[in-house]
There are 4 protein chains.
Amino acid sequence: MKKKITEKSIELFEKKGFTQTSIQDIVDELEVTKGTFYYYFSSKEQLLMAIHLEYIDDLLERQEKIMKDERKSSVEKIRNVIALLINDIKDKGPSGRVFFREIRHLSNHNIGIIKKKRNQIRLNIEKVIRTGMDNGELRPNLKPDIITFAILSLTNYSYQWFKPNGEIHSDELVQIYADVIFNGIMEKND
Amino acid sequence: MKKKITEKSIELFEKKGFTQTSIQDIVDELEVTKGTFYYYFSSKEQLLMAIHLEYIDDLLERQEKIMKDERKSSVEKIRNVIALLINDIKDKGPSGRVFFREIRHLSNHNIGIIKKKRNQIRLNIEKVIRTGMDNGELRPNLKPDIITFAILSLTNYSYQWFKPNGEIHSDELVQIYADVIFNGIMEKND
Amino acid sequence: MKKKITEKSIELFEKKGFTQTSIQDIVDELEVTKGTFYYYFSSKEQLLMAIHLEYIDDLLERQEKIMKDERKSSVEKIRNVIALLINDIKDKGPSGRVFFREIRHLSNHNIGIIKKKRNQIRLNIEKVIRTGMDNGELRPNLKPDIITFAILSLTNYSYQWFKPNGEIHSDELVQIYADVIFNGIMEKND
Amino acid sequence: MKKKITEKSIELFEKKGFTQTSIQDIVDELEVTKGTFYYYFSSKEQLLMAIHLEYIDDLLERQEKIMKDERKSSVEKIRNVIALLINDIKDKGPSGRVFFREIRHLSNHNIGIIKKKRNQIRLNIEKVIRTGMDNGELRPNLKPDIITFAILSLTNYSYQWFKPNGEIHSDELVQIYADVIFNGIMEKND
DNA sequence: CATGAATGAGTGTTCATTCAT
DNA sequence: AATGAATGAACACTCATTCAT
């Protein structure tokens, strides 16, 4: 039941937004009553927090698996992380959108917890960029923090427009984005 | 007074979000009454629409001024548009954030109007990319629509993290982002 | 202007009801502002009272003209009064409907004034019925007060369903109603 | 509680009118809160509709019981219907008054539903008049539709003035009204 | 585990009225 | 004679939350 509530909530939060979705809406769709909801969650915010935690913990775990793989070059790791973040939108689209949009409705305390984990993801990318700069895979004059933001912008903003079942496939998008990031769009005349 | 209401609303919408900001909050801060608000705006949504229109119309106008300048190369135009979009966040930060976050609270009809203008901005970028590809400034094998999304991701997502008064100056950010987009981050070994 | 306000108000009060019609609605239709309204009327209720007074005073005056005519029999007078009340709906339909429906929105003091005049109309009918009973025109065993209510029911309720431009003409309605009142509907077997 | 709300609402709607009665007024009198009201009724209009439906359905049902009674002559049926309608005002006075006065505040859709049932009552009377004309109980030259309006005028308008605990008893009123309708008020000279 | 009745604070909105100009 | 800005009290309605059963 807890699982069912979470899933239906994600669906509704994505469609109508957190504030616009009432507990009543959620329990109506599940054909239970409000009492049931409050048996499993102590508040609407706690439900939102659960959704956020599940999303970010899973993502972080999978990212760190990539990061720890010593057989991969820095470039490969970056490419893998881009793939991870883009594919997440394909596979867990609604919860991703909820994650990016509704964090504001958490309490300050909970926002802190989530942001810490989000920062961890960012710092992991920054670190691999630094490594790549040091070992000659990447240009030596980059600002790793800004480059990290550039990568996260590409991936995170894609939830705003990327339709997983649309014309372009997520694998193709990953390839194009990686190509832009690594090679740029300008014609090289040498 | 209409101006004062709009400005205070943008400030509050940015801080607390559209739904979390009540008309009461707005008029309390201005030390007027709700009647005054409704003398100037027929509804809360109409106020939000006014904010959106003002933002997008100004942006579109300035973009088209760049696009029409025949002395500029495609690369220059792209660089100028990146600068335009990034600097907007510096100069009109709060309304930009409201613009990107609260569009959902407009009616479908109004969303349509805004999206049409937003699409125009996107299509203008796409067009200049195509021109650059045709005249040899840009690599010939690009997907202009996706590249456009990449550029918009960089600029639009920056409102999420870029602090205009922080360590990094907006001009510097523009330069780095343009460098990434044009040249990529990978070291060229030739 | 005062006349214009009154007329437009009657029109709107009939269409939407007194409470549902705002001062704003009235002045919008006349393309003036609320200030203008309050220059001519001190309150919304005073406007309603003016409408009521105009209606009832005119009606009462015309009824008393009928009553004082010594050449008319009682039966003729009753028939004339029925015609007067029915035709009023044809000629001054909207204000009649406002009169019958919106009196409740007057203050107690004003309701008293109107009801006094309305009672006068009723008592005038009652008196002519008594006269008719005394002089043998009408059956001697009637209750004049109840008969009066019967007559007023027929005429006053007609505003609820009678459409002046519909199939039946008001003259015909008067004739049928007078026939019912005077002769009844039962077949006489003698 | 639903019953209590309905009853108190009828009482208040009758005293002050639908528009002039706020939900707050209703719940204050019952010493509950607005939330309770909205737990039982989804809107103020829905409450009004419930009142209307209860009134008209009961009336229609009782009328049709009279109409189907084959032992009764047409004249008897008409007399019974007059008694039914008049007594309803005695027994369910307030809801009758609400019924006749506040229908306008229903939505068009709901007005349609109620009017259909109201028309059924009217058509049932019209039919029995036609039968009476055919079988010689009533004068053959009547207009059944207008006569029906006459009867309904007498009964329906009585809510405007008839006080069940006043001088005159409802049985007496029925008798007088039936006498007027059947025999008229004019002295027959034969 | 789950229900359903009830709460109470809050929301956007309306509107008759006032008043300086 | 008319305007337009402003008021403030009221209104229908919403909703997260509580709690006895």
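All values below were derived from every heavy atom in this structure, side-chain atoms included, with hydrogens, water molecules and symmetry-related copies excluded. Letters go in sequence order (proteins before strands), and every chain restarts at 1.
- In secondary-structure terms, DNA chain F builds stems of at least 3 consecutive Watson-Crick or G-U pairs, each pair having both distances under 3.5 Å, at E:2-21 with F:2-21.
- The CZ atom of D:R118 lies 11.5 Å from the CG atom of D:L59; values are rounded to the nearest 0.5 Å.
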Under 3.5 Å, which donor-acceptor pairs link side chains of residues 98-107 of chain D to any protein atom two or more places apart or in another chain?
unit_1, atom_1, unit_2, atom_2, d
D:R101, NH2, D:F13, O, 3.3
D:R101, NH2, D:E14, O, 2.7
D:E102, OE1, D:H105, ND1, 3.2
D:E102, OE2, C:R104, NH1, 3.1
D:E102, OE2, D:F18, N, 3.1
D:R104, NH1, C:E102, OE2, 3.3
D:H105, NE2, D:T19, OG1, 3.1
D:S107, OG, D:E45, OE2, 3.3
D:S107, OG, D:N110, N, 3.3

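- Residues satisfying the side chain to side chain donor-acceptor pair (under 3.5 Å) test with B:K16, not counting sequence neighbours, are B:D25.
- Summarising the geometry of A:Y55 relative to A:S95, their closest heavy-atom pair is CD1-OG, 3.9 Å, with the distance given to 0.1 Å.
- Under the 3.5 Å distance criterion, the side-chain polar atoms of B:K44 are matched with a main-chain donor or acceptor of B:T21.
- With a 6.0 Å radius and a threshold of 12 heavy atoms from other residues, nucleotides or ligands, A:Q160 has its CD atom above the threshold.
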Under 3.5 Å, which donor-acceptor pairs link side chains of residues 28-37 of chain D to any protein atom two or more places apart or in another chain?
unit_1, atom_1, unit_2, atom_2, d
D:D28, OD1, D:Q24, NE2, 3.0
D:E29, OE1, D:K8, NZ, 3.3
D:K34, NZ, D:Q24, OE1, 3.4

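- Taking a 4.0 Å limit (strictly below) on heavy-atom distances, residues 1-25 of chain B reaches DNA chain F at B:M1.
- Atom CG of residue B:L12 and atom CD1 of residue B:I23 lie 11.0 Å apart, to the nearest 0.5 angstrom.
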Passes side chain to side chain contact (heavy atoms under 4.5 Å, CB included), C:L53 versus C:K117? Steps please.
CA-CA 9 Å; C:L53 272 181; C:K117 293 175 189 256; 3.9 Å; yes

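- Heavy-atom neighbours of C:E11 CD from other residues, nucleotides or ligands within 6.0 Å: above the threshold of 12.
- The stretch residues 27-54 of chain A touches DNA chain F through A:K34, A:Y38, A:S43, A:K44, each having a heavy atom under 4.0 angstrom from the strand.
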